[in-house]
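Please read the structure below before turning to the comments.
All values derive from a computational prediction rather than experimental measurement. Order of the sequence lines fixes the chain letters, A, B, ..., with proteins taken first and strands second; residue numbering starts at 1 for each chain.
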Number of protein chains: 2
Amino acid sequence: MMARRSQNGADRATSRPVTVSVDAMGGDAGPAPIVAGMAWSAQKNPDIRFLVFGNGAQLEKLVDKRKALAGRCEVRHADGVVTMDSKPSHAMRHGKGTSMWEAIDAVRAGDAQVCVSCGNTGALMAMSMVRLRKIPGINRPAIACLWPSRNPGGFNVMLDAGADIRADAEDLLQYALMGSSYARVGLGLERPRIGLLNVGTEEHKGRAELKLAHDMIEAASQHAPFDFIGYVEGGDLPSDRVDVIVTDGFTGNVALKTGEGTAKLIRELLKQAFNYSPLSRIAALLAVTSLQRLRKRIDPRRVNGGVFLGLNGLVIKSHGSADATGVSAAIKLAFELGQVDFPARVAARVASLSAPVQGAETDSGQVYGTPK
Amino acid sequence: MMARRSQNGADRATSRPVTVSVDAMGGDAGPAPIVAGMAWSAQKNPDIRFLVFGNGAQLEKLVDKRKALAGRCEVRHADGVVTMDSKPSHAMRHGKGTSMWEAIDAVRAGDAQVCVSCGNTGALMAMSMVRLRKIPGINRPAIACLWPSRNPGGFNVMLDAGADIRADAEDLLQYALMGSSYARVGLGLERPRIGLLNVGTEEHKGRAELKLAHDMIEAASQHAPFDFIGYVEGGDLPSDRVDVIVTDGFTGNVALKTGEGTAKLIRELLKQAFNYSPLSRIAALLAVTSLQRLRKRIDPRRVNGGVFLGLNGLVIKSHGSADATGVSAAIKLAFELGQVDFPARVAARVASLSAPVQGAETDSGQVYGTPK
């Protein structure tokens, strides 16, 4: 994640309070790590407020224990819980009254600027679409995620990470526009470089809808504040030749989980390698800060937070297994995007497709400052 | 890669000489690393012979320098070279006389049991299909690759890694059958566990053709020597709950390159972390054997070799950038599979679909021995 210019409200001209609505019941380990993550964020950021939804008695108890949350967190009781194995369509039809539903509705009602949930991704997206509605002109919303990379800021953006398993050429063009807005606002890049994920960089390879999307994004880039670099491959996801990687939600989800799975395997093997012999255990002791430096760089908790793009309201999906560090990272992202009314910027960018020149600078606001 | 029971021909009841035809001109660095890899393999394995295709004068010079190749390697001159940016369709129509074409034709003519090339994947597959033809009953051939995993043998199999960007349910079923044969012969697994790659493990998720393929593979598994474990996700590629992961060539190629790209990024970051300070450089010195142990485990050169499944003849694609170690790994794989007439086993397995019970044991031969 990037460093903001300063954590001190007085130094930040643009700073304004942001209320985050939190679905506290969706995570794998219940509400405790979620409230811990909230407290952590509150401690670091005086401009943040919370509305937290779930079992009232349980939440009051957890919140009362956290000094940092005193006077800055309102508990709202919600009876139901959307489980990890709920069908999205069922959750959408019968989800009213669940903590997830109510957390989303707080954004709809204007009580909060952004919603964070660790729950079932499919259900969260289905409910968000029903309650917040899609931005005019958007066919399929997308989930954008951060990807550790060789770029100076340390991250690339990939979308769709799994909102919808289908995407036609028109959808991929919209992902390019929305992803470029996210990279401008979220990563502070003036002209993000957009790449379209394919199996080869030669133009004759790939599926028909990709060829069409290639030409549409190229045409749109003539009047938009991004550069289209054409096709990229799986190996380019962490590269420094691209900032935003556009793909359908099936491929994006497989890529995301493959990357996470590979990193996890290597972490385990690294641990085994250093546990192999007494000498290697001594080496590990000496190498401990080097290894911690590496671990921090590829820690999946630091890139926690899938941003739902294309809705009239901001929803962020946190990993179901996120601990306090992970939840806090998702809340930080929520705060940054909540400060600048991000959905309005995306809407302006998408609308600019029909009036490209006038709309060219609509999303130029930058949230993050210099990369650390 | 697995250890064979013994490298000594006398100890191995099943050992018989294998001639490998090598396209020496396709690699990124020309024929030198390829001939070096051949020499390395020849040195370790007395049962291996080579037919090598490319620029005759250049190859004679390189081969003459290698004692291990004396009397065991025939150079055959071929004028043309298929370049990395050749269109597969063009290479297929105009490729006659290239080193790639002639190397494949040596398998067709029975002069060699298996062909290895570092060249353009698309062209190699297109030419292989034209010259060797598909096995009766196979609609789309596939490329199977090894994937570092937590399984005792150290590897899983994934297919299709990029032979064809499309795959319908019938194709995915055939991939399951061919992948199971490969795992039985190549990894020595009696009942490989097959998984179908999807975005979620719940049965209501995913594309329509995946649901159909799920049911077809499940039905086929009733009479076949493999277990179908249902859907798996990207994070399961390195897991020990599955042996063979089935997917279309687009998704498989993105996953493969994403995994490789992630591993490469982590290797770079690890290096940076240990170069950070004088103390961390000392730590690196002490940790050198631990780190080498890790490097060896995830070294992409050791898993080099995409096996083309579904053709009347064996072709193995080596990485374009493979060095002598990588080429030698691909040749080792070629030798192992060449020993058992692998294409005939796959053909029998595919034919068994119409007569499942009789065909159930056709591919039970094991090439690799105990995992090291």
Distance check, rounded to the nearest 0.5 Å: B:N198 atom CG versus A:N253 atom CG? 9.0 Å
Enter the distance from A:I266:CD1 to B:L269:CG here, rounded to the nearest 0.5 Å. 10.5 Å
Residue pair B:F250 / A:L197, side-chain heavy-atom distance below 4.5 Å: no
If you count heavy-atom pairs within less than 4.5 Å of chain B, which of A:S239, A:G235, A:G122 leads? A:G235
In terms of heavy-atom pairs under 4.5 Å with chain A, the winner among B:S149, B:G162, B:G234, B:G249 is B:G234
Determine the minimum heavy-atom distance between B:G261 and A:P238, stating which atoms define it. O-CG, 3.8 Å
Nearest 0.5 Å, what's the NZ-OG1 distance between A:K257 and B:T258? 14.0 Å
Pick one of side chain, backbone, both or neither for B:Q272, based on which atoms fall under 4.5 Å of a heavy atom in chain A. neither
Start with the C-alpha gap between B:V199 and A:I165, add the side-chain angles, then the distance that decides, and say whether side chain to side chain contact (heavy atoms under 4.5 Å, CB included) holds. CA-CA 8 Å; B:V199 293; A:I165 54 167; 3.8 Å; yes
Contacting region of B:D248 [heavy-atom separation from chain A under 4.5 Å]: side chain
So do the side chains of A:R166 and B:R207 get within less than 4.5 Å of each other, counting heavy atoms only? no
Heavy-atom closest pair, residues B:P148 and A:L265: O-CD2, 3.7 Å
Is there a side-chain contact between B:K264 and A:R150 in this structure, where contact means two heavy atoms from C-beta onward sitting under 4.5 Å apart? yes
From B:E260 CD over to A:T262 OG1, what is the distance, rounded to the nearest 0.5 angstrom? 10.0 Å
Heavy-atom cut-off 4.5 Å, strictly under: side chain, backbone, both or neither for B:L237 against chain A? side chain
Just so I know, are the side chains of B:L270 and A:L270 near enough to count as touching, which here means a heavy-atom distance under 4.5 Å? yes
